[in-house]
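Step one of this worksheet: look at the structure below.
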There are 2 protein chains.
Amino acid sequence: MADVKLYGIPLSTYVRTARLALEEKGVAYDNIPIPPGTPDIAPHHPFGRVPGFEHGGFKLYETSAICRYVDEVFPGPAIAPKEPKARALMEQWISAISCYYDSTVTRVVIFERLVAPMFGNPTNEQRIKENLDVVGKRLDILNGALSGRKFLAGDSISIADLFLLPIMFYLELTPEKSLLAACPNIRRWYDSMASRPSFAKTVPQFPPKR
Amino acid sequence: MADVKLYGIPLSTYVRTARLALEEKGVAYDNIPIPPGTPDIAPHHPFGRVPGFEHGGFKLYETSAICRYVDEVFPGPAIAPKEPKARALMEQWISAISCYYDSTVTRVVIFERLVAPMFGNPTNEQRIKENLDVVGKRLDILNGALSGRKFLAGDSISIADLFLLPIMFYLELTPEKSLLAACPNIRRWYDSMASRPSFAKTVPQFPPKR
């Protein structure tokens, strides 16, 4: 048993973000695959979400807190810049991805294309259609942010990239990946992120085995 | 003109959080009161929200990024703990307040009681009734988190407290403040926060002048 435990199903984009942080830092951990909204997750996340985290008795929840904690207390390559302006950009994008991309790319496109069918429900095409314009505009903003820089916070990887990667991985499995044709900077960023060992080590089984 | 500019109406809980950070640090700033969702905010926040921020040509958005940047680059008392576990608790609560309290206390109770009437709309009592149980449970969790500690991240103030304060200020103006009768730790925390000079300096004019 590892000293670090991560509670939550690996299909969750947020669980994968925390796993990516642990892999990038080279930290050994056990992933206990508890679904959100279940009684079993309550001891690890008082709001019933995933992931929850434990390190030698210290319990923590919220992915952004887990990633920063992992970066600060474990050796291994930094996943947050030291310079204040670059750090600020990392923080800006962690928040923006959680607010403006989770609510559109994840909760509309990925939900309708991948999650609904997983539960035997049809994709609501109308809902995708109604949101396609805003999804496209948000991808444009992201494409602009990646112009002239390798990663969201500058020339080295940061926690912000780890928030974005699991969302883009799922978008790639939908017909709406066609929106990325107009976003060469996102494409370049994605290909670079997908070539890292942390990506392969955290690919979720999708669709999940029954 | 101050070197630091904060764009966004002072009625916004997020704008007030950023102002509280600037006041706690003793940083001079201009607050340019632009409403969210308007063409005027677009140059300062690509997603049309508030606040936007500028410091000597460096532009930034998202309140959590602004507060951390302000803490890191300006002298004045720290508003983030140095010790990793306390820092992690701060991060956890910044995220939890933005996710689980903004969506319930702010977007249900405060919206229906204070924002809807401001625009001449009636309060949807049914919506409040349907959400009262979850609001109560979330206040209980918060009350538990403040048990045996002065502030959310421990014994010194942090950015997490500055996220919570503007929400609690508005809750106090609604009949649902009665829920706080069962939350003595929140009451003690609120009274302590409300006695700080930063609170008085950032009280929004409510209801706003026409």
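It should be emphasised that the depicted structure is a prediction, and the values quoted were computed from it without experimental measurement.
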Heavy-atom pairs under 4.5 Å with chain A, option from K85(B), R49(B), E72(B) with the top count: K85(B)
Side chain proximity check, M118(A) to F206(A), heavy atoms < 4.5 angstrom: yes
With a 4.5 Å cut-off on heavy-atom pairs, point out which of S98(A), A88(A), G144(A), C99(A) contacts chain B the most. A88(A)
If you tally heavy-atom pairs under 4.5 Å against chain B, which of I94(A), I141(A), T63(A), V73(A) wins? I141(A)
Evaluate the side-chain proximity of L139(B) to M168(B): yes if any heavy-atom separation is below 4.5 Å, no if none is. yes
Is Q92(A) in contact with chain B via its backbone, its side chain, both, or neither, using a 4.5 Å heavy-atom distance? both
At a 4.5 Å cut-off on heavy atoms, which part of Y61(A) comes close to chain B: side chain, backbone, both, or neither? both
Chain A contacts, top residue of M90(B), R138(B), H55(B), E91(B) (heavy-atom pairs, under 4.5 Å): E91(B)
Pairwise side-chain contact, Y100(B) with E62(A), heavy-atom cut-off 4.5 Å (strictly under): yes
Tell me whether the rings of Y101(B) and W93(B) are parallel (<30°), tilted (30 to 60°) or perpendicular (>60°). tilted
Of the options R127(A), R107(A), Q126(A), which is the one that meets E112(A) in a side chain to side chain donor-acceptor pair (under 3.5 Å)? R127(A)
